[in-house]
Amino acid sequence: MARELSQVGVVGLGTMGAGITEVLARAGLDVTAVEVSAEALGRGRGHLEQSTEKAVQRGKLDAADREALLARVRWSTSLDDLAEAELVVEAIPERMELKTEVFARLDKICPPDTILATNTSSLSVTELSVATGRPSKVIGMHFFNPAPVMKLVEVISTVVTEPSVIADVEALAERLGKTDVTVGDKAGFIANALLFGYLNHAVSMYEAKYASREDIDAAMRLGCGLPMGPLALMDLIGIDTAYEILDTMYRQSRDRLHAPSPIIKQLMTAGLLGRKTGRGFYTYAGRDSAEVVPDALTPTPGGAAEGARPVQKVGLVGSGTMATGMVEVFAKAGYDTVVVARSPEKVDGVLAAVARSLDKQITRGRLDEDGKAAVLARLTGTTDRADLADVDLVVEAVVESLEVKQELFAELGRVCKPGAVLATTTSSLPVIECAQASGRPGDVVGLHFFNPATVMKLVEVVSTVATADDVAATAHAVCGRLGKHAVSCTDRSGFIVNALLFPYLNDAVRMLQAHYATADDIDAAMKVGCGYPMGPFELLDTVGLDVSLAIERELYTEFREPGFAPAPLLEHLVTAGYLGRKTGRGFREHVRR
Ligand code: CAA
């Protein structure tokens, strides 16, 4: 039977410590909250008051419960006030020497059966445990930021943690309304080990000026459904904390993908620590504010579309899922749209699919018959590429074969009028190959839509070394009219989204392969700890393991980064024909539909 803890302590009242205090007090525990100085204590108290006030405003807590919650917290600047605590959670800065000192002091102050927990994100819990005379009572209890909102708690047991201590902490996590996953003591545990490789990668993309901070963040929010972009998340976590986590991970893994990108250290040294100091990658309205305010790096609205060529008539080449979705998107946005497919049947197939989709929208009350008629009136179909002679923009979504695309672009170069913009939706081939084949590389741009094109808001606008500025601007202007959010990047494998997403998915497979955690725990950690809409294994099974492997191979081939080499487990599953949902089995078994 697990102990029911009632008297607890929290040491360190920064963002995390204050949040943990809130969570504990909210669940009815008496909390002694300790900081080093009256000033730091006041700031921690302010955090708690503000956060609970927000919870009341949002209807998550009633005013009387808030008062009771605040009354359960005793504020102190002395660790001696923890002499009665049954459990203490330490949440001071991520520095081993500071933590070991606090643990050694707590060991002397607290009764022998008090559990000493650390909220460290990456430091060795085992090393902390041996700084005390009670290593078996030391455990990791890792909360996520913001602690009152994120439901995950990682429970870290070391080789010496007593099973009863694990049981007590797991029971407490449940009482706090959290989802707990229990794992061993490895830098980054589950969620940070997967998250920080990705965050560091995003930072290095920004540092290399591959894309702007706004575009990197928008790409991951809109392309993957993440609650925040990686650079905004770095600011929420705190640049100093992120640096310490990456540095610890690097020291343990020696994986250069974990070596903090230089700009992280520069920001840290300059005191630009993110939201908590009012400036990090972004600038905020003030200290601890979530409101981003414009600064010198903020792009001017509509700036990317300036100088665009006029577009009224558009040609869409292809008859697959992406082409069909895009035909609907263009025609609905008011463009005269010509569909070019390989046979009259395929042309009819696209037009019929668009009509069916519009009917569905009528049934759902989102469109009326007149609207449908207007969209269909803008659509024509043909099998003859010569009919593209008068379009202002061609977007191709034919099969992902370089040979096929090169042949198509060579013909587009011949039949399209001078000044027409030629776009490819390729997600994996170099856009410059299509550009060269066209004989007019300045007119060629990548327009990478996401599936389903009618729903996903993101479009990556890919400029090659040869793309003319007004061609990229045209792509932005058209995306604006389509109601899409365009981000700019250059012609590298994976563009923004796939280049950031697939190495993270690969890391998850490697973690599974190393038997550090189960697929269920890894999926839960990312969903509940970081608010991801799907865990990595759910996503891999949905995307298809063969497709994922192909993308990972391309990224590896382009960047020759050892950390991007596809995990052997993924290769084996693909070889075995376990491709995910589409074959009924991938990382999990699926009911065939
Ligand atoms: N108590 C209870 N609920 C609260 C609350 C409180 N004190 N404060 C806010 N909420 C609720 C709000 O009411 C809201 O719920 P509803 O939508 O139902 O109203 C929800 O929490 C979030 O509301 P916010 O207005 O605060 O903000 P948001 O909708 O803009 O979301 C966010 C903000 C939760 C931070 C979201 O962007 C998100 O999930 N981001 C990802 C965060 C993440 O990845 N965290 C992990 C970082 S890694 C880490 O922490 C580990 C480490 O070691 C560094």
Side-chain angles (χ1 to χ4, degrees), residues 12 14-27 46-63 65-66 69-70 89-94 118-123 125 140-154 156 176-179 181 183 187-200 202 217 220-221 224-249 260 264 273-276 284 288-292 504 524-533 535:
T15 316
M16 288 311 293
I20 296 166
T21 302
E22 177 178 336
V23 171
L24 292 165
R26 184 159 190 178
H47 263 304
L48 181 65
E49 285 169 356
Q50 237 179 7
S51 171
T52 48
E53 178 61 46
K54 190 166 161 189
V56 171
Q57 280 165 10
R58 296 286 194 94
K60 303 272 161 172
L61 186 67
D62 67 41
D65 288 342
R66 174 174 184 259
L69 184 164
L70 295 175
V89 184
E90 163 280 311
I92 66 172
E94 285 288 280
T118 172
N119 178 56
T120 183
S121 317
S122 59
L123 295 174
V125 181
M141 213 180 168
H142 184 223
F143 290 81
F144 288 73
N145 188 0
V149 181
M150 306 315 277
K151 291 274 176 248
L152 183 68
V153 174
E154 288 173 322
I156 321 302
L176 300 178
K178 300 291 184 191
T179 301
V181 293
V183 284
F189 317 129
I190 299 179
N192 283 351
L194 297 181
L195 182 68
F196 276 83
Y198 148 75
L199 293 178
N200 202 34
D217 279 353
M220 297 313 287
R221 275 190 292 107
C224 301
L226 306 187
M228 295 175 98
L231 301 171
L233 183 53
M234 287 285 291
D235 280 354
L236 173 76
I237 290 168
I239 304 299
D240 49 343
T241 305
Y243 178 83
E244 299 296 345
I245 293 172
L246 280 165
D247 195 48
T248 308
M249 281 171 56
I264 300 176
L273 305 184
R275 284 190 192 183
K276 61 185 164 190
Y284 299 87
D288 291 319
S289 167
E291 185 196 337
V292 174
Y504 144 76
M526 296 318 290
K527 287 199 288 189
V528 191
C530 305
Y532 281 29

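Read the numbers this way: they start at 1 and go in the same order the structure lists the ligands and their atoms.
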Closest approach of any protein heavy atom to atom 37 (O) of ligand 1, naming residue and atom: M228 CG, 3.3 Å

Per-atom contacts, ligand 1 versus G529 - under 4.0 Å to a heavy atom: 45 (N), 46 (C)

Ligand-residue contact atoms, ligand 1 with S121, heavy atoms, under 4.0 Å: 52 (C), 53 (O)

Protein contact to atom 45 (N) of ligand 1 [nearest heavy atom, distance to 0.1 Å]: N145 O, 2.8 Å

Enumerated ligand 1 atoms positioned under 4.0 Å from heavy atoms of L195: 48 (S)

Any protein heavy atom < 4.0 Å from atom 9 (C) of ligand 1: yes

Full working for side-chain contact (heavy atoms from CB on, under 4.5 Å) between T241 and K276: CA-CA 11 Å; T241 305; K276 61 185 164 190; 3.9 Å; yes

Side-chain donor or acceptor of E154 paired with backbone N/O of F189 under 3.5 Å: no

Where ligand 1 meets A55 - atom numbers and elements under 4.0 angstrom, heavy-atom basis: 1 (N), 6 (C), 7 (N)

Contact summary for A242 and M234, nearest pair of heavy atoms: CB-CE, 3.6 Å

Closest non-hydrogen atom pair between S51 and E22, with its separation: OG-OE1, 2.5 Å

Check: L48 main-chain N/O paired with T52 side-chain donor or acceptor under 3.5 Å: yes

For I237, the ligand 1 atoms whose distance to one of its heavy atoms is below 4.0 Å: 47 (C), 48 (S), 54 (C)

Distance from atom 38 (C) of ligand 1 to nearest protein heavy atom, with residue and atom: P227 CB, 3.5 Å

Shortest protein contact, atom 15 (O) of ligand 1 (heavy atom only): K60 NZ, 3.3 Å

Audit row: L152, M150, side-chain contact (heavy atoms from CB on, under 4.5 Å) steps and yes/no: CA-CA 6 Å; L152 183 68; M150 306 315 277; 5.7 Å; no

Ligand 1 atoms in contact with C530 (distance to a heavy atom under 4.0 Å): 41 (C), 43 (C), 44 (O)

Atom pair CG (N200) and CD1 (I245), whose distance is rounded to the nearest 0.5 Å: 11.5 Å

Side-chain heavy-atom pair L176, V153 within 4.5 angstrom cut-off: no

Structural part of N192 in contact with ligand 1, heavy atom criterion under 4.0 angstrom: side chain

Test item: protein heavy atom less than 4.0 Å from atom 32 (C) of ligand 1: no

Student check: side-chain heavy atoms of E94 and T120 closer than 4.5 Å: yes

Atom indices of ligand 1 within 4.0 angstrom of K54 heavy atoms, with elements: 24 (P), 25 (O), 26 (O)

Distance flag for atom 28 (P) of ligand 1, protein heavy atom under 4.0 Å: no

Element-labelled atoms of ligand 1 that are located less than 4.0 Å from some non-hydrogen atom of P148: 1 (N), 6 (C), 7 (N)

Heavy-atom neighbours of Q50 CD exceed 12 at 6.0 Å: no

Test log, rule side-chain contact (heavy atoms from CB on, under 4.5 Å), inputs I237 and L233: CA-CA 6 Å; I237 290 168; L233 183 53; 3.8 Å; yes

For the student: nearest non-hydrogen atoms of A147 and V23, plus distance: O-CG2, 3.5 Å

Residue part near ligand 1, for T52, under 4.0 Å between non-hydrogen atoms: neither

For atom 2 (C) of ligand 1, closest protein heavy-atom neighbour: R26 NH1, 3.7 Å

Whether G531 lies under 4.0 Å from ligand 1, heavy atom: no

I245 heavy atom under 4.0 Å from ligand 1: yes

Check: R275 side chain, E291 main-chain N or O, donor-acceptor pair, under 3.5 Å: no

Beyond-backbone contact of D235 with L231, side-chain heavy atoms, under 4.5 angstrom: no

Atom 14 (C) of ligand 1: nearest protein contact (heavy atom, Å): R58 NH1, 3.2 Å

Under 3.5 Å: N/O of S51 near N/O of ligand 1: yes

Region of L233 engaging ligand 1 - heavy atom pairs below 4.0 Å: side chain

Identity and separation of the nearest protein heavy atom to atom 22 (C) of ligand 1: V149 CG1, 4.2 Å

Structural part of P146 in contact with ligand 1, heavy atom criterion under 4.0 angstrom: side chain

Contact bool for atom 53 (O) of ligand 1 (protein heavy atom, d < 4.0 Å): yes

Ligand 1 contacted by M16 (non-hydrogen, < 4.0 Å): no

Parallel, tilted or perpendicular, as decided by the 30° and 60° cut-offs, for the rings of Y532 and Y198: perpendicular

Main-chain N/O of V89 paired with N119 side-chain donor or acceptor, under 3.5 Å: no

Closest protein heavy atom (residue, atom, distance) for atom 7 (N) of ligand 1: E22 OE2, 2.7 Å

